[in-house]
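Here is the structure we will look at, set down as structure tokens.
For the single chain, residues carry numbers from 1 onward in sequence order.
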Amino acid sequence: MKRYIYYISTLLILTISGCTKDFGDLNENPNSLSTPTPAFLFSKSQLSAMSNNYYLTAVLNLGGFIQHYATYKEVSGIGDKYFANDFYQAPYFTDGYPIAVNEIEEVIRAVKANPTDVNKLNIARIWRVFIYHRITDLYGDVPYSEAGKGLTDLNFNPKYDTQESIYKDLLKELDESAKGLDAAKPSFGGNDFIYNGDVVKWKKFAYSMMLRLGLRLSKKDAALSESWVKKAISGGVILNKEDNATMKYTDGPQDLNRNPAARESRSRDFSANSFGKNNIEGGKLSATFINYLKNNNDPRLSVYAGVWVGTTQDPNPAIQKGFPNGVGIAPSASDLGTYSEPNQNTVFRLDAPLLVLGNAETNLYLAEAALRGWNNLGTTAEFYQKGVNASFDQATAYGASYSIATGSRDQYWLAHPYQSGVSFDKQMEQINTQIWVSLYLDEYEVFANWRRTGYPVLVPVNYPGNVTGGTIPRRLIYPNAEGASNTKNVQEAISRQGANTLTTRVWWDK
């Protein structure tokens, strides 16, 4: 890893050690940074985890892989056209460790010795799982047990743990942390931007993460997957929108306060005054995604998408048009302007809330668990409908004018009832295609779930010069900087996991 000693946040997250009588011990620097303030550092870790290179990773890479996005450009079309490019594929790793990882590891070190901080400790452990699970899902074997120890142990070249050992420890951490939460004791309060310190909701978040990670193992180890899924359901996952884990944002005064999905994407591509005609990276919503929504008369289309008409975006479903994946011919500006982009009044609004994990996802995963016989709390069809309706409900987060009316829902369900009389695979396709639609913006989870299930069935592109042989990538490549500075450990990981290519499958995907 790069030799970051410590990351000093743009927030005032560390306290400055005061001077003692006679300027204190001459062996101490009275102007140095000393003990971290856990509450402020926890706040920063939440912001860091959610904003870690969202545009480069979630839009350009993953969004292209799973065909939510498309572009006519080649350099920025790494995900759309399956290219390897360290500049675009390394940052989630190279920025994630020195910032979000170091921050949460420092929080844990600061609170673990104080019994009254039991909730702070366990909430931090739960959030640590969230941070690490994204990193390992993207790259596979990664630093884990020795990560974040540059300051304490001067270990700047941590070993790469196997994804199997990482996953098993993450699940253990969720289990122990959920059980260790105590509603009678204090937590982070207002320094927790997701739940405002609500311990009961953090417990549901922990079990919902357990459901996500447990189900992730279904292809690799069905018995282990079943045991963790059942434990998560027994513990109590997020079922209602009131318990959704949501990050709140405002439009300023600093970029740190703005929704990172909207801020990064609008500043790097969907820029002001381009009005769809001169996007920096040529990005649009994919024809695969838009056509699916249009063909199914899905009421979420007008929530997700808009076409620029003059200087305003029009969400009218009739005029939405997706850009095809794998195209390298530049359209004219006027033609480019006729394609759909993310709606800047909703999902790409700078002050829009950003869902971390919610009841659309959990109910759809509970539908799959019921289909597998691992969930006896209801039928597959019941949880499927709850999950899709929960996704519809998310529209209200952008204001009453975007609320999906009862009539629209009724029409949708008349035309698209859950088909329970078909094969297991066909039912899996229904459920997991809805994950693809419902979790738009959470490209990390959609990409992971697509790799696990193969749904929705996507037609890959075979653009000239692609590095995958015309197959959709399965991971991101390790950073070049890691190969140069942590050579031995990177090579051990590659020899164990497979070549450092976009097509090498991570442990749970084999």
Side-chain angles (χ1 to χ4, degrees), residues 7-18 33-52 99-132 148 173-174 176-210 235-260 351-359 397:
Y7 177 80
I8 301 174
S9 168
T10 53
L11 296 177
L12 296 178
I13 56 176
L14 299 177
T15 56
I16 300 177
S17 58
L33 295 172
S34 182
T35 307
T37 304
F40 294 121
L41 197 53
F42 180 72
S43 300
K44 182 58 173 55
S45 76
Q46 290 184 320
L47 293 168
S48 298
M50 296 306 294
S51 64
N52 183 7
I99 304 178
V101 167
N102 271 353
E103 287 166 351
I104 200 62
E105 295 286 5
E106 278 299 301
V107 173
I108 291 171
R109 279 192 282 268
V111 301
K112 66 181 180 180
N114 188 347
T116 62
D117 285 336
V118 62
N119 286 329
K120 293 180 181 179
L121 173 60
N122 286 309
I123 289 171
R125 289 170 71 188
I126 294 166
W127 190 242
R128 179 177 177 271
V129 170
F130 181 86
I131 292 170
Y132 275 111
E173 284 288 287
L174 290 172
E176 293 178 358
S177 300
K179 291 175 181 175
L181 292 170
D182 185 347
K185 294 182 179 178
S187 68
F188 288 110
N191 291 105
D192 169 13
F193 296 151
I194 296 175
Y195 282 133
N196 200 37
D198 191 318
V199 172
V200 174
K201 291 184 177 182
W202 270 106
K203 180 172 286 192
K204 292 180 181 179
F205 179 87
Y207 284 118
S208 299
M209 280 294 299
M210 186 184 293
V237 301
I238 296 167
L239 296 175
N240 304 305
K241 62 183 179 182
E242 290 77 16
D243 295 326
N244 285 352
T246 305
M247 283 284 285
K248 295 86 176 174
Y249 295 96
T250 60
D251 187 4
Q254 304 296 327
D255 275 350
L256 191 68
N257 306 115
R258 297 184 172 98
N259 180 312
D351 65 346
L354 188 57
L355 189 65
V356 182
L357 196 161
N359 64 329

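For the atom pair CZ (R128) and CZ (R125), the distance works out to 8.5 Å, reported to the nearest 0.5 Å. To the nearest 0.5 angstrom, T246 atom OG1 is 5.0 Å from L355 atom CG. Distance check, rounded to the nearest 0.5 Å: CG of L181 to CG of N122 gives 5.0 Å. In this structure, L239 CG and S208 OG are separated by 7.5 Å, a value rounded to the nearest 0.5 Å. Between I104 atom CD1 and I99 atom CD1 the span is 14.0 Å, to the nearest 0.5 Å. Distance check, rounded to the nearest 0.5 Å: OG of S51 to NZ of K44 gives 6.5 Å.
The side chain to side chain donor-acceptor pair (under 3.5 Å) with D192 is formed by just one residue from the set Q46, K201, K120; it is Q46. The side chain to side chain donor-acceptor pair (under 3.5 Å) test with N359 is passed by exactly one of D243, N244, N240: N244.
No side-chain heavy atom of D182 sits less than 4.5 Å from a side-chain heavy atom of V199. Proximity of F40 to N191: side-chain heavy atoms (C-beta onward) are separated by under 4.5 Å at one or more points.
Salt bridge R258/D251: present, at least one basic N to carboxylate O contact under 4.0 Å. For the pair E176 and K179, the salt-bridge criterion is not met [side-chain N within less than 4.0 Å of a carboxylate O].
Of all heavy-atom pairs between I108 and A124, the closest is CG1-CB, 3.8 Å. Pairing each heavy atom of E103 with each of S48, the nearest pair is OE1-OG, 2.9 Å. The minimum heavy-atom distance linking A352 with Y249 is given by the pair O-CD1, 3.6 Å. When all heavy atoms of S177 and I126 are compared, the pair lying nearest together is CB-CG1, 3.6 Å. Contact detail for S45 and W127: the closest heavy-atom pair is O-NE1, 3.3 Å. In terms of heavy atoms, P38 sits closest to V107 at O-CG2, 3.8 Å.
A donor-acceptor distance shorter than 3.5 angstrom exists from the side chain of Y195 to the backbone of A245, with no hydrogens or angles considered.
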*What do the steps show when you test F205 against V356 for side-chain contact (heavy atoms from CB on, under 4.5 Å), and what is the final call?*
CA-CA 10 Å; F205 179 87; V356 182; 4.0 Å; yes
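At a cut-off of 3.5 Å, with distance as the only test, no side-chain donor of N119 or W202 sits close to an acceptor on the other residue. T116 and N114 share a donor-acceptor pair across their side chains, judged by distance under 3.5 Å alone.
In K204, the NZ atom is not crowded: 12 or fewer heavy atoms of neighbouring residues, nucleotides or ligands sit closer than 6.0 Å.
Taking the six-membered ring where the residue is Trp, F42 and F188 present parallel rings, their angle staying beneath 30° rather than reaching 60°.
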